[in-house]
Amino acid sequence: MERAQDRSAEQAAERYEDPAPDRYDDRPPGGPPLGDYGDYGDRAAGWPARRPAEPGTDLELLVHGVGGTTPEKMLGDPRTVRVSGDDTAAVFRRAEDVEDTGEAEEAGSAPAGRDPRGGPVREAYVWCNLTSGDGSRALWLLLLPFMVVNLAHWMRPAAPGRPRTVRLYGLLVRLTALTLTVLLVAAVCEVALDLVAWQCASAPACVRRHSWLGFLAPAAPGAPAGAGGWWSAPGRRLALAAAVPTALTGLLWYLSHRTWRAYESHRPLSPDPDPDADADAAERDADADVTEPDTDARPDPRGSALARPGFWYGRRLVARLRAAHTAAGLLTVAAAVTVPAARFDRRPGGAAALDVLGWALLAALAAGAVAVVWVVCRRGRSERRLDRRLDRHLVRRLKLGALALLLLALLYAGWSRPGWQSAGRLPGAGAFGLLMLAQGLVIVVLAVVARILYRRRPDPRTGMRGLGGPAVALLACALGGVISGGVAQRVADWLDGTRALLAGPPALLTWQASVIPPLIAVLLLLAAALAVRTARLARAERARVRREYPGEPEDPPRTRAIAHARAMATLTDSVPLVVAVLTATTLLLGAVALAGAAATGKTPDGAADRTPHLVRAVAETSQALGSWLVGLGFVLFVTWGRRAYKDASARRTIGILWDVGTFWPRAAHPFAPPCYAERAVPDLTWRMVTWTRRTGGRLVLSGHSQGSVLAAAAAWQLPPSVRTRVALLTYGSPLERLYGRWFPAHFGPPALAALHRDIACWRNLYRRTDPIGGPVRIPAGTAPEVDHEPLPDPLAYGRTLDHPLPAPILGHSDYPSDPAFSRERARLLTRLLPGLPAQRPDPVRSDPS
């Protein structure tokens with residue numbers, strides 16, 4: 001049957017003429033005739049005219065999913081040849097396919113033909129090295145909170161017609177991301193400047209425990225003036241310790257700049273015929289302060305913002321945000337050095353010149369902070385065209401200005417001040433409480449804005465009823481706060497094992513680390529509840545399994561295994577519940593920590609000193625356990641990062657996390673791991689456009705798991721005349737189950753329905769045992785249907801003539817092994833080019849297959 005369909009497809013290709021010009025004619029009014037192949041719009045955009053299709057010119061372009069794989073496994077052949085691309089991402093073919101044509105594609109020609117074994121020629125696009133390539137990817141673990149907050153930008157509800165509200169949503173997320181950068185740098189300042197340089201270096205007993213701090217120790221009481229070393233002055237100790245947070249800020253800038261060159265610098269396919277006109281339009285946008293909500297709020301003719309020319313080219317915004325966040329980090333270090341010195345200079349009898357200089361420096365730091373906030377707030381993403389401009393003067397001056405202020409602060413703090421001694425905690429520790437309060441207020445406002453947007457177009461399948469973005473932003477702030485508090489507490493315990501020598505970190509940081517045990521307890525209870533529900537669902541699923549395999553002899557263990565796999569696959573649909581419980585618990589515990597630290601000014605065990613014995617025991621246990629849990633997590637973090645640096649398999653495991661979290665461009669935080677789709681989507685788009693232009697053939701874009709999301713994004717970027725020759729085959733796809741629910745503005749039902757209308761034909765395969773993939777649920781009335789009925793898994797209940805050995809439960813893997821895969825691929829090829837233009841399948845009619 002499959003061969004018959006292939007022959008009919010070949011015959012259709014030979015008879016093919018221009019496909020339905022009334023649907024895909026993108027000529028300007030009064031333009032010349034469309035021509036034999038509808039390539040007027042493409043020639044105007046700079047693309048070569050399309051050649052007539054040659055018989056048997058079919059291609060299947062495979063895109064793998066999370067975790068990556070090898071081209072040998074994707075193509076089922078140990079002999080593969082790279083035909084395009086580089087060591088980071090490339091397209092491969094079987095060596096036999098390249099040898100049969102007698103040419104390779106490095107010179108730019110694309111060999112065509114049909115696989116001698118039947119079916120189209122297959123190519124594999126391998127992109128796993130974008131997320132798990134060399135050992136430097138291990139450093140991306142440092143950027144986890146930044147990645148999480150960046151996701152919040154893309155999780156807003158769909159709300160066309162509300163540009164001001166959408167603009168406010170993006171602005172609030174960018175401000176939240178800015179506070180995370182300040183929190184991280186402030187936490188490092190707390191460890192290096194406060195605990196080490198200010199507290200431990202001034203305590204003789206602590207210096208004796210850590211001899212490497214001896215050169216920072218002040219003179220002993222009663223010693224003659226000048227007995228201490230040059231670095232013993234408090235201001236100079238702070239200036240020296242400031243090298244640590246400054247180096248961290250420089251490292252974050254370096255990582256962002258390096259990945260910016262490797263990812264955002266790759267220009268996507270552009271239909272803009274006039275670069276000068278593009279530059280003029282960008283100038284107008286800059287003068288008018290055009291931001292991404294202006295484009296998001298307008299109804300997109302192709303259903304999703306992912307279809308816009310500039311969506312996968314965010315280098316201008318990343319450059320602006322990188323400069324702003326780098327300046328914010330440097331200004332935070334400068335403030336941590338300046339405030340203690342200025343506070344000392346304000347004492348009665350202090351040097352008037354230093355006092356004036358301190359006030360002037362604090363005013364300059366405040367002006368710098370205002371400039372940073374202005375840069376973050378002023379501009380978002382510009383997606384309507386490829387914005388090739390860079391704000392070079394702004395980017396350069398902002399960073400250099402912040403660096404100049406930091407150098408002035410170091411000189412100011414290092415100036416000689418007789419009688420200045422460090423005691424207690426470093427002045428300015430209350431900034432952590434203000435920062436946490438500001439984060440909470442911003443996220444509350446963000447939740448209100450998200451709810452307003454959701455009510456504009458409510459969808460019951462949207463994650464957390466539109467509150468997914470604020471919830472994720474809150475978790476990012478909580479993650480940053482817990483890491484900061486836990487690391488500070490562990491360093492304090494290491495410096496002062498007796499807990500009697502040092503004042504320790506600010507009480508709020510200790511409170512934040514102490515909330516980890518109760519949070520884990522709530523998650524354990526939730527996990528137990530989900531386990532009970534899954535067990536009940538598995539028992540109920542056994543009857544359905546038996547009905548689906550009639551006539552088979554009863555095998556209770558086999559039935560239980562299949563039912564258990566299906567029940568476990570439903571846990572993915574419980575993610576909104578888990579995130580909701582985690583967010584509510586985090587918000588409550590965070591409020592308790594902030595209130596407890598502000599009301600008592602003591603650590604949890606100190607605040608519970610005069611409470612009943614049970615309360616005191618719980619406080620002491622939570623504080624100690626929280627500190628050790630963070631310490632254990634930090635050790636595991638370093639160990640995992642070190643292993644990932646040396647072991648490619650471990651690096652690939654970490655890459656799975658980035659595969660999901662870094663699909664989206666860096667729109668909120670420039671220090672987040674880079675968006676691999678800004679390289680992968682242009683790669684796929686260029687490959688499909690150039691291949692169809694040169695051969696005039698038919699192409700099946702075949703995506704598994706996360707690869708199906710990349711495939712959909714690439715299909716949205718195709719010119720209209722190319723989309724008529726491209727079919728989409730997705731399997732194990734999270735397009736609706738994950739992306740549609742959590743990113744409704746870009747993958748919601750209207751967007752997926754528009755993609756179905758735009759692409760020539762689309763088919764989606766899934767299994768009930770798949771924990772990731774599922775149906776795409778195209779709304780009713782958009783026939784032909786996209787979703788295939790659930791594929792059987794396993795293929796056979798017991799031993800049969802076709803399956804003499806027990807068939808495995810495949811779940812999320814090995815979709816091509818199912819007979820339906822080849823059958824649906826052949827049908828897609830047949831539907832691409834029917835015999836006569838009048839017989840072209842219309843998206844509002846039933847599926848002719």
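Donor-acceptor pairing under 3.5 Å is lacking for the side chains of Ser702 and Arg122. Judged purely by distance below 3.5 Å, without hydrogens or angles, the side chains of Thr730 and Ser708 never pair a donor atom with an acceptor atom. For the 3.5 Å distance criterion, the side chains of Asp459 and Tyr454 fail to qualify, holding no donor opposite an acceptor. Counted by atom type alone, Tyr549 and Glu554 present zero donor-acceptor pairs between their side chains at under 3.5 Å.
Glu824 places none of its side-chain heavy atoms less than 4.5 Å from the side chain of Leu828. Side-chain contact between Pro806 and Arg799 is present, with heavy atoms from C-beta onward closer than 4.5 Å. Looking only at side-chain heavy atoms (C-beta outward), Leu474 and Leu587 come within less than 4.5 Å of each other. Contact annotation: the side chain of Pro576 never approaches that of Val579 to less than 4.5 Å [non-hydrogen atoms, C-beta and beyond]. Looking at heavy atoms from C-beta onward, Arg558 lies in side-chain contact with Ile562 at the 4.5 angstrom threshold. Side-chain contact between Leu467 and Thr583 is absent, with no heavy-atom pair separated by less than 4.5 Å. Taking 4.5 Å as the limit, some side-chain heavy atom of Trp742 sits within range of a side-chain heavy atom of Val575. Looking at heavy atoms from C-beta onward, Asp573 lies in side-chain contact with Arg737 at the 4.5 angstrom threshold.
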Inset, instruction - Apply the test side-chain contact (heavy atoms from CB on, under 4.5 Å) to residues Val448 and Arg451: give CA-CA distance (whole Å), side-chain angles for both, the deciding distance (0.1 Å), then the verdict. - result: CA-CA 5 Å; Val448 174; Arg451 189 62 184 175; 5.8 Å; no
Inset, instruction - Evaluate side-chain contact (heavy atoms from CB on, under 4.5 Å) for Val515 paired with Val592, printing each intermediate quantity in order. - result: CA-CA 9 Å; Val515 303; Val592 170; over 6 Å; no
Inset, instruction - Go through Trp154 and Phe311 one step at a time and tell me if the ring pair (Phe, Tyr, Trp, His ring centres under 6.0 Å) criterion holds. - result: CA-CA 12 Å; Trp154 303 103; Phe311 188 90; 5.4 Å; yes
Inset, instruction - Go through the steps for Val149 and Val472 under the test side-chain contact (heavy atoms from CB on, under 4.5 Å), then give the verdict. - result: CA-CA 7 Å; Val149 76; Val472 167; over 6 Å; no
Legend entry - CA sep, side-chain torsions, deciding dist, call: Gln439, Leu441, side-chain contact (heavy atoms from CB on, under 4.5 Å): CA-CA 6 Å; Gln439 287 178 337; Leu441 293 177; over 6 Å; no
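Less than 6.0 angstrom separates the ring centroid of Phe821 from the ring centroid of Tyr731. Ring centroids of His153 and Trp664 are separated by 6.0 Å or more, keeping the two rings apart. Note: Phe743 and Tyr739 meet the aromatic proximity criterion, with ring centroids under 6.0 Å apart.
Ion pairing of Arg461 with Glu736 is present here, as a side-chain N (NZ or NE/NH1/NH2) and a carboxylate O approach within less than 4.0 Å. Ion pair Glu548/Arg768 flagged as a salt bridge, since at least one NZ, NE, NH1 or NH2 atom sits closer than 4.0 Å to an Asp/Glu carboxylate oxygen. We find that Glu678 and Arg666 are not joined by a salt bridge, their nearest charged nitrogen and carboxylate oxygen being 4.0 Å or further apart.
In this structure, the side chain of Asn150 engages the main chain of Ala667 through a donor-acceptor pair within 3.5 Å. In this structure, the side chain of His704 engages the main chain of His812 through a donor-acceptor pair within 3.5 Å. Counting only distance, with no hydrogens or angles, the side chain of Ser813 and the backbone of Leu810 share a donor-acceptor pair below 3.5 Å. Between the side chain of Thr462 and the backbone N or O of Arg465 there is no donor-acceptor pair closer than 3.5 Å. Formation of a donor-acceptor pair under 3.5 Å by the Ser622 side chain with backbone atoms of Ala619 is not found in this model. Looking at Ser705, its side chain never comes within 3.5 Å of a backbone N or O of Gly707 through a donor-acceptor pair.
Note that CG of Leu589 is 11.0 Å distant from CH2 of Trp511, once rounded to the nearest 0.5 Å. Separation of atoms CG (Leu701) and CD1 (Ile759) is listed at 7.5 Å; rounding is to 0.5 Å. Leu526 contributes atom CG, which lies 9.0 Å from atom CG of Leu582 (distance to the nearest 0.5 angstrom). The CZ atom of Arg456 sits 10.0 Å away from the CG atom of Leu453 when rounded to the nearest 0.5 Å. Put simply, CZ on Arg533 and OG1 on Thr570 are 6.5 Å apart, with the number rounded to the nearest 0.5 Å. Note that CZ of Arg679 is 10.0 Å distant from CG of Asn129, once rounded to the nearest 0.5 Å.
Taking the six-membered ring where the residue is Trp, His669 and Phe671 present tilted rings, their angle falling between 30° and 60°.
Nearest heavy-atom pair across Pro775 and Asn764 is CA-ND2, 3.7 Å. Contact between Cys477 and Ile443 at its shortest, heavy atoms only, is SG-CD1, 3.8 Å. Nearest heavy atoms, Leu143 versus Ala672: CD1-C, 4.2 Å. In plain terms, the two heavy atoms of Met147 and Gly661 that are nearest each other are CG-O, 3.5 Å. The nearest pair of heavy atoms linking Pro470 to Ala450 is CG-CB, 3.8 Å. Heavy atoms only, all atoms of each residue included: Ala753 and Ile778 are closest at N-CD1, 4.0 Å.
For the side-chain contact (heavy atoms from CB on, under 4.5 Å) test, residues two or more places apart in sequence or in another chain that qualify with Thr769 are Ala565, Arg566, Arg767, Asp793, Ile809.
Taking the ring centre of Trp628 as origin, the terminal cationic atom of Arg490 falls inside the region bounded by 6.0 Å and 45° from the ring axis. Remark: Arg546 qualifies as a cation-pi partner of Tyr797 under the 6.0 Å distance and 45° angle criteria applied to the six-membered ring.
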